[in-house]
Structures are given as C-alpha cells and as structure tokens.
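Letters A, B, ... are given to chains in the order of the sequence lines, protein chains preceding strands, and every chain is numbered from 1. For the numbers below, each heavy atom of this structure counts, side chains included, while hydrogens, waters and symmetry mates do not.
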Amino acid sequence: MDLNRLIQHSNFEWEIPTAGDMLVPVIIYASEQLVRDMDDKVAIQAVNVATLPGIVKASYAMPDAHWGYGFPIGGVAAFDPDEGGVVSAGGVGFDISCGVRTLLTGLQRHHIEAVKNKLADDLYNTIPAGVGSTGGIHLKLREMDDMLRGGAQWALQRGFARPEDMARIEEAGCMAGAEPAQVSEHAKKRQQDEMGTLGSGNHYLEVQEVKDIYDTEVAAAFGIGLGDIVVSIHCGSRGLGHQIGTEFLKDMVIAAPQHGIHLPDRELACAPINSPLGQKYLGAMRAAINCALANRQILTHLTRCVFEKLLPDATMSLLYDVSHNTCKLEEHLIDGQRRKVYVHRKGATRAFGPGHPDIPEALRNVGQPVLIGGSMGTASYILVGAKDNDQRSFSSACHGAGRAMSRHAAVKQWRGRTVVDDLASRGIVVRSPSLRGVAEEAPGAYKDVSEVVEVADRAGLANKVARVEPLICIKG
DNA sequence: ATGTCC
C-alpha cells in the first residue's frame, strides 16, 4: 500500500481521510511494515465500505487485513439503523461465525508426550475433517430449526456440553433473534449431516503447549500457566453459513436499487437494517451463528470423549469461544453519545475490555479472552481485550495471521508430504485427509502471526497474555 | 470458507 495517501496518527494508526463519496474516514491499525505489505485492495475495499449508508465513525482495518469478498478480511464497520444504516452479507462473509475456542486440559507436556501419536490418531478418527465431511449426527429438518434457534444451548440439552461452558461463549451460547424460517431449506439440507465436523481450509483442531506468558495476572485469571496443554478448535457454520451468504448476496444485489443504494462494488451488496430484506438476513445470519456455536460445542464434546479415554485426568474446561465473522447489535460510545449500532466484524474478533457487562463474571475485571489462531504449525496467541478499546474499532482486534500467498501459489511451491515431514521433525504431528490441503495451508503461505499480534497489542486493541505452539494438528 | 462449477 502506498504510504503517501495516508495520514499517520501514531506508530500503529493510519488514516485515509474522507474524500469523494466517503462518509467517514478509513482507519488502519498496523505497523509501517504491515501497511507497506498490505494489498492496495485493502485500501480500495475499506474506502468502498466508508461510502455505505449509515456508517458511523470510520471504516476500520485490523493489522491482519487482506483482500476479501467486498469488505476486506480484517474489516470492522458499524452502522446506525436510524440513519439508513445497512447490513451487508459480504460484510459478514461466507463462513458466518467462523471462530476459535480454547479448552484448558489441566495437563502438562509430559502427560501428552507418551501418548502423542495415539492421541493424534484418536482425535483424527473421532473428528470428521475435510471438504464435505459428515459426522455421526444426523438432524431432521425440524431438529435443525431447534439447533438454529438454540446454538450451544441446544447442544447442552442434547448432552454435548457442560452447563458451565455456556458462560464462556459469546451471547452465553445462544444468539438471540435467530429466525430459522429465514434459512432456506437448501441451506438446512446442506447442514443436516455436517454438525460436529471440522470442514477444510484453515480450519483445525490443535493440541497446544503454552510456551510463553506475557501477563501473569491475566493468565492466572484465565487459568493458564507455562507448559500447560490446551486444545484449540477453529471452525464455523460449514455449508449452512456458506449457502445463506450466497443466497442473500444475490438478493441484496438485486434489491439495492430499490433501496436507493449505489454499490461501488457489487460484492458490497447490502440492505437497510430497517428493511424486510435486512431483517430477513439478520434472522438467517443469527441462525448461522447458532449453527457455528453448536458445531464448535459438538467438536468440544468429541474432543472431551477422546481425552476421557486416553487421559482421564484432563479437566477440559472451556476458556472461551470467539466468533470472527459476524454482525452484532452493540452499544458504543460515539462522539460522546452512547448509541446502538450494528457492528460488522469480518475476520475480526470482538475484544471487550475490562468491565464490559457481556464478559463472564469470573473474567469481567480482566477483560474478554481474545483467541488468535495461527496457521498450521505456527504459534497461536491468547490476548485480552484492551482497556478503553471502545474508542478504537468498536472493541475489535485481529483474528489471525492472514494469507500471504494464494492457495494456488502455495500448492505450486510446497508438497503436502514434505510439509507434514518437516513439521514432524519439529515434533508437530499433523493428521489430515488431504495432502493438497496441507500444501495450501503450509506455514510459509501465511504472514507472521507474531507481528500481527504485536501490533494489536501496541495499538491498544488487545493485549498479549500467552503464546501457544502446536504439538498435534488435525487439519481439514 | 465452500457438495473448491448448477
């Protein structure tokens, strides 16, 4: 990205001032190096977002921002429904409510070493992974509606959760306002056999070791210490969310002129929040959020079953579950006024700071856990929402490393077998149904997550608590 | 991300 068009406010904050059709400025949180390396398309897309009706304050880009469908991935934008604000299917993305959850095991590395390969095999054999993977759970259409309304709370009723898990999930495990009736039968049918499956791409389940602690006090509140073993699960709403995104994108493009909306890019398809189509999308999207929450909950259950057999002393309590592709109604302080706005986070993590009422009581004084997944074979980070970050990007942080190379380019550069062998030589066991998938996700195809996290910390979005590194990776 | 093209 060309630095000449940017105004630098600090070491980690850059502005593209309001001009032309823009209603608000663009604010990018990044180091000079990350801004230089950022695709020009991030600037173009963030500027396009800044032209959408009802946008408030600014169109934001996180340090891991990269080119996406319509909105940049790593984009955050909030809209006021009373000022003609819109909701955008492209602003949420296709993998609705894709997210990460981390489980604490109460175990240390030496507990794992002796059974590492067996643990990897058992996890791989228990957790369906890969494109089109199906699981042992098959829901009737009527049961689908219950699941889409209830999320992880539904999973609790079905025996896939512990009651105490609920407080550790955004929205206490159930996204209110979900409307299964707005989800097409086709979308439901695609998902009927996919509950409790990992999917493909950058989705994974990892057994990780805590390798570094940056904030002892917060780490203690989170229940993590050096050398601890944790399990992280990264996945989303599978075929259902994708189908909802596809259908509403099409409908929103067609309806835009009727709503008097000029789209600078048809991929930015959106509808007024206060319109029948906008409301239908919100109802369907919230149902997809519940689908993702239920899915990660079932994967948690399967993981617990494996550990219970092999490592019965493992505690397997849930630290937290974050979503990073959502649009949520939240109250924020905007120009001195508390206003309710619809915050789009696409490839961005909610990161409420200390004291926020939506953080579980046990963690309220320290802040919301922010789980940042790395790429396969690399470190992941646990952060905490920074104090006063409401004034920076509506309490949002980055979500991961972000691709540095296309899947196509990655497959040309690496062979899956070599990647698996290289990781094995470093003590990381990878199990995947697809060697091509492994090549696509080669560590070198991603940016350095450490730099992205460092910038999120220093920009005051979320603060570093711990770094974890994988021992086992189940890859879709 | 995705029954990697209805």
A:E247 CD to B:dT2 P, in whole Å, measures 16 Å
In whole angstroms, the gap separating P of B:dT2 from CD of A:Q191 amounts to 10 Å
Residues passing the ring pair (Phe, Tyr, Trp, His ring centres under 6.0 Å) test with A:F71, sequence neighbours excluded, are A:H344
Answer with base, sugar-phosphate or nothing: what part of the nucleic acid does A:G199 contact at a heavy-atom distance below 4.0 Å?
sugar-phosphate
Rounded to whole Å, the CD1-P distance (A:I73 to B:dT2) equals 13 Å
Taken to the nearest whole Å, CD/A:E441 to C1'/B:dT2 is 13 Å
Quick note, ring-ring contact (aromatic ring centres under 6.0 Å, His included) partners involving residues 266-285 of chain A, not counting sequence neighbours, are A:F248-A:Y281
**Message:** Heavy atoms only, 4.0 Å cut-off, all strands: where does A:E194 land among base, sugar-phosphate and nothing?
**Reply:** sugar-phosphate
Kindly say if A:S200 contacts the phosphate of B:dT2, meaning a side-chain N or O under 4.0 Å from OP1 or OP2. yes
Checklist line | A:E441 and A:R403: CA distance, side-chain angles, deciding distance, salt bridge (Lys or Arg N to Asp or Glu O under 4.0 Å) verdict | finding: CA-CA 9 Å; A:E441 298 297 318; A:R403 290 199 81 89; 3.2 Å; yes
Heavy atoms only, 4.0 Å cut-off, all strands: where does A:H186 land among base, sugar-phosphate and nothing? base
d(A:D165 CG, A:M316 CE) to nearest 0.5 Å is 10.5 Å
(Q) Can you tell me how the ring of A:H203 sits relative to the ring of A:H234, calling it parallel under 30°, perpendicular over 60° and tilted otherwise? (A) perpendicular
Taken to the nearest whole Å, NZ/A:K189 to P/B:dT2 is 21 Å
Exercise. Using a cut-off of less than 4.0 Å, is there contact between a side-chain N or O of A:R238 and OP1 or OP2 of B:dT2?
Worked result: yes
From CG of A:L240 across to P of B:dT2 the rounded distance in Å is 12 Å
Atom CZ of A:R403 and atom P of B:dT4 are separated, to the nearest Å, by 18 Å
Whole-Å distance, A:D95 CG to B:dT4 P, equals 15 Å
Inset, instruction - For A:S237, answer base if it contacts any base atom (sugar-phosphate contacts may also be present), sugar-phosphate if it contacts only those atoms, and nothing otherwise; contact means non-hydrogen atoms under 4.0 Å. - result: nothing
